[in-house]
Amino acid sequence: MKKALNSPNSIEELMQRAESMAGLNLGLLANYHQIEMPNDLKRHKGWVGQLIELELGALAGSKPEPDFVHLGVELKTIPISRSGKVLETTYVSVAPLTDIQGLTWENSVVCHKLQQVLWIPVQGDRDIPLAQRQIGSPILWQPSQEETQLLKQDWEEIMEFISIGQVDKVTARHGEVLQLRPKAANSQVLTDSIGRNGELTQTNPRGFYLKTQFTQKILSQLL
DNA sequence: CGCTGATCATTG
DNA sequence: CAATGATCAGCG
């Protein structure tokens, strides 16, 4: 699955496409794009996101940059329960574990990716068959000053640990709105990191995630 | 392997 | 029953 339609040329066009998806279910969309639909997401965790990308014309790629570079918009599908609760944390980006001297919040990938996010809520209750899960109304979000401050604070605190070789001391409990968690095929995967004495060592790759309560507030405020 | 898209599944 | 740590698939 990839090969996007033509990419939208403006935020207005992007939003128009996103709004026209609201109310549709995943079965219809998959059928329209002639995409095979798995029975569940156990072995297809990114399937919903990929389908939405296809529909909206996001440029599929594994680059650390926004989905719609030309528009400065990052696309995120977010699983929501029947009662409107956010069901999962939101992955933002991989955390840099080496060569981070001089790296500031303003220059970070996290900051850049979160400048403008298009949230697409999708029903995520596991008892709803994938085909019947409905897509919700899109929400275009830009962090407020307060939100930015919270994110920056967490990011700086976490990055401080990483820079002094204490990444292994950081758990998902650190941070109010942004957390650091493993991000790899499995816990055996290793990547370079800074050691206790500044030397190069190896550790399981980590990623930055938005905590559910933070995302919940974003969606609630604007719904 | 690193990064994208994320959700799973066990634990507290 | 929410949250943490672990995991799955595809691509360059």
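Applying the side chain to side chain donor-acceptor pair (under 3.5 Å) rule to R173(A) yields no partners; only residues at least two apart in sequence or on another chain are considered. Residues satisfying the side chain to side chain donor-acceptor pair (under 3.5 Å) criterion with T215(A), sequence neighbours excluded, are absent altogether. Partners of K152(A) by salt bridge (charged side-chain N to carboxylate O under 4.0 Å, His left out), not counting sequence neighbours, listed by chain and number: E106(A). Under the rule for a salt bridge (charged side-chain N to carboxylate O under 4.0 Å, His left out), E157(A) has no partner lying at least two apart in sequence or in another chain. By the salt bridge (charged side-chain N to carboxylate O under 4.0 Å, His left out) test, E74(A) is found to be paired with K76(A), residues two or more places apart in sequence or in another chain being considered. Residues that satisfy the salt bridge (charged side-chain N to carboxylate O under 4.0 Å, His left out) test with D127(A), not counting sequence neighbours, are R82(A). By the ring-ring contact (aromatic ring centres under 6.0 Å, His included) test, H112(A) pairs with no residue at all, sequence neighbours left out.
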*Where do I120(A) and I78(A) land on the side chain to side chain contact (heavy atoms under 4.5 Å, CB included) test, with the steps shown first?*
CA-CA 6 Å; I120(A) 309 288; I78(A) 180 77; over 6 Å; no
*Could you check Q142(A) against Q115(A) for side chain to side chain contact (heavy atoms under 4.5 Å, CB included), going step by step and ending with a plain yes or no?*
CA-CA 6 Å; Q142(A) 293 171 258; Q115(A) 283 308 106; over 6 Å; no
_Pair K85(A), I80(A) - check side chain to side chain contact (heavy atoms under 4.5 Å, CB included), show working._
CA-CA 5 Å; K85(A) 286 194 324 184; I80(A) 304 294; 6.0 Å; no
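Contacts with DNA chain B (heavy atom under 4.0 Å) in residues 199-207 of chain A: none are found. Within a heavy-atom distance below 4.0 Å of DNA chain B, the residues of residues 148-183 of chain A found are R181(A), K183(A). Residues from residues 82-117 of chain A with heavy atoms under 4.0 angstrom of DNA chain C, sorted by number: K85(A), T89(A).
Using a 4.0 Å cut-off between a side-chain N of Lys or Arg and a carboxylate O of Asp or Glu, R206(A) and D168(A) qualify as a salt bridge.
Looking only at distances, a side-chain donor or acceptor of D154(A) sits under 3.5 Å from a matching main-chain atom of V177(A).
Extent of DNA chain B lying under 4.0 Å from chain A heavy atoms, first and last nucleotide in 5' to 3' order, is dG2(B) to dA9(B).
Backbone-only contact: G49(A) has heavy atoms under 4.0 Å from sugar-phosphate atoms and none from a base. Within the 4.0 angstrom heavy-atom criterion, no nucleotide atom of any strand lies near Q188(A). Within 4.0 Å of D67(A), counting heavy atoms only, lie sugar-phosphate atoms of the nucleic acid but no base atom.
Between V189(A) and R133(A), the residue anchored nearer the 5' end of DNA chain B, judged by the nucleotide with its closest heavy atom, is V189(A). Comparing Y209(A) and A185(A), the nucleotide of DNA chain B nearest to each residue sits closer to the 5' end for A185(A).
The CD atom of E53(A) sits 15 Å away from the P atom of dG10(C) (whole-angstrom rounding). In this structure, H44(A) places its NE2 atom 14 Å from C1' of dT7(C), rounding to the nearest Å. Counting to the nearest Å, the C1' atom of dG5(C) and the NZ atom of K211(A) are 13 Å from each other.
Between L118(A) atom CG and L56(A) atom CG the span is 6.5 Å, to the nearest 0.5 Å.
Membership of the apolar cluster around V94(A) extends to Y91(A), Y209(A), as traced through chained side-chain contacts below 4.5 Å between ILVMFWY residues.
The phosphate of dA3(C) (OP1 or OP2) has a side-chain N or O of Q213(A) nearer than 4.0 angstrom.
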